[in-house]
Amino acid sequence: MQLHNTLSGRKEAFVPLNPERVTMYVCGPTVYSFAHIGNARPAVVFDVLARVLRRRYPRVDYTRNITDIDDKINAAAAKEGVEIGVITRRYTDIYHEDLDALGVLRPTYEPKVTEHLAHIISMVERLIANGSAYAAQGHVLFNVTSYAGYGELSKRDRRELIAGARVEVAPYKQDAGDFVLWKPSTDEQPGWPSPWGRGRPGWHIECSAMAEALLGETIDIHGGGHDLIFPHHENERAQSTAAHDGKVFARYWLHNGFLTMDAEKMSKSLGNVKLIREILKAAPGEAVRLALLTGHYRQPLDWNDEALADARRKLDRLYGALRDAGDVAPSDATAPASFIAALEDDLNTPAALAELFELARQLNKATDADEKATLVARLRDAGNVLGLLQKTPVDWFSQPASDATDGPDDAEIEAALAARSAAKAAKNYAEADRIRDGLKARGVLIEDSKDGQRWRRL
Ligand code: AMP
Ligand code: ZN
């Protein structure tokens with residue numbers, strides 16, 4: 001298996017440290033509001049990676065954290081006049097519902113920062129003890145000059161990072177580039193007791209401590225969106241390496257490209273976000289998932305209505321092939337080697353999807369029952385690796401078409417009804433049903449009455 005490592009800047013053969021237990025850590029959401037479709041991209045991409053790894057290795061320990069201590073959470077809680085737990089529980093539940101709808105399996109571990117304060121404090125203490133960090137005025141800072149590898153991951157100049165941006169430097173910092181491991185809380189702010197007074201952890205140390213607690217000192221894969229390379233991952237790497245006597249922290253760094261909207265990066269600060277929740281009102285989660293997998297994970301991906309409608313049509317095609325195969329009992333054939341090879345080549349989902357369509361094309365042509373049984377089994381198994389095609393065709397086609405603008409117009413419906421009448425007259429009931437199901441999938445319900453066919457929009 002080949003994976004592109006941000007650290008080396010190239011594809012490398014993936015060889016786990018311990019093939020009996022592959023470890024992966026992906027930075028999870030900060031739970032203070034609804035997640036947008038950009039946030040869904042790493043969740044879906046690394047879910048596929050976990051599925052691919054699980055086919056090859058007996059045990060994959062995948063950790064994706066929940067950041068439930070953060071200043072944005074504090075601000076949201078203060079605005080509503082509630083405890084931070086009210087905010088974080090609400091948005092954790094919503095995040096789970098959203099990802100469930102996208103077919104994202106739960107990670108092996110989903111640690112929360114609030115459950116790991118003792119571990120965070122112990123790590124900060126160790127960093128102070130070995131000279132990598134210092135306490136000053138209720139803060140603890142990581143001393144970037146102490147770590148020679150600082151800047152390697154993000155390919156930035158170490159001296160410039162140490163000197164920091166030309167902004168006013170806080171008086172408690174030795175070097176402008178030093179970053180916070182712990183900071184004091186005012187009486188109004190959430191805080192936890194520590195050797196440096198009541199306070200709260202900085203963001204970066206949270207991930208280092210949770211990765212250590214659940215996966216150990218050296219992990220195989222560390223993932224996230226590419227915006228996290230600097231400063232978040234650069235800082236995680238510095239802290240963890242320093243806390244572990246120079247041992248490698250993450251062996252393969254994987255970063256997904258950004259989702260854009262009309263070619264502009266989707267982000268809350270630009271205000272051009274589409275919430276997962278909103279999108280799920282207009283399209284099945286499986287179509288959203290497929291749309292997210294149509295591009296290679298390292299490339300930017302543009303999100304627009306046409307891409308989503310296209311993903312839905314693609315699933316109509318795939319489920320259509322399964323439906324038309326009829327009631328064949330799938331054989332025990334598995335996903336084709338070429339399909340797995342595409343995914344094992346740095347998670348090439350566009351190539352893997354092309355293999356899926358090729359299987360569907362063969363299935364459409366197949367006449368032999370054994371061949372159909374094999375192709376159905378291959379299609380289902382390959383779909384499963386991508387988290388697709390696990391419904392029955394009936395369930396897929398009976399979903400309401402929630403996007404009314406995408407539905408057929410009256411003339412198209414009348415034409416379809418005429419074709420269906422003709423099919424029935426010719427006793428081709430399978431074709432008549434196919435037309436009915438197809439219209440239903442696009443939001444039009446046909447009812448047969450003694451006066452003929454009637455239709456209405458759902
Ligand atoms: P956040 O909650 O902002 O820390 O983001 C959670 C995850 O979503 C991180 O891995 C980010 O890198 C990723 N992310 C945020 N915005 C986008 C986007 N527009 N496209 C792809 N990934 C994103
Ligand atoms: Zn992180």
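Both ligands and their constituent atoms are indexed starting at 1 by order of listing. For clarity, every value in this text was computed on a predicted model and none was experimentally measured. The analysis underlying the following values was restricted to heavy atoms, covering all of them including side chains, and did not include hydrogens, waters or symmetry mates.
A distance below 6.0 Å separates the ring centres of Phe14 and Tyr252.
The neighbour count for Arg317 CZ, taken as heavy atoms of other residues, nucleotides or ligands under 6.0 Å away, is above 12. Around NZ of Lys173, the count of heavy atoms belonging to other residues, nucleotides or ligands within 6.0 Å exceeds 12.
Checking only distances, Gly224 never comes within under 3.5 Å of ligand 1, N or O to N or O. Ligand 1 has no N or O atom lying under 3.5 Å from any N or O atom of Pro29, backbone or side chain.
The closest approach between His36 and ligand 1 falls below 4.0 Å for a heavy atom of the residue.
When only modelled atom types and interatomic distance are considered, Gln239 and His244 share no side-chain donor-acceptor pair under 3.5 Å.
Distances from atom 7 (C) of ligand 1 to the heavy atoms of Gly225, Ser33, Pro42 put Pro42 nearest. The heavy atom nearest to atom 4 (O) of ligand 1, considering only Asp227, Asn256, Thr30, Ile37, is found in Thr30.
Annotation: side-chain hydrogen bond (donor to acceptor under 3.5 Å, both in side chains) contacts of Asn304 (sequence neighbours excluded): Asp302.
For the Zn ion (ligand 2), the tally of protein N/O/S atoms lying closer than 2.8 Å stands at 4.
Protein heavy atom at the shortest distance from atom 19 (N) of ligand 1 is Met266 O, 2.9 Å.
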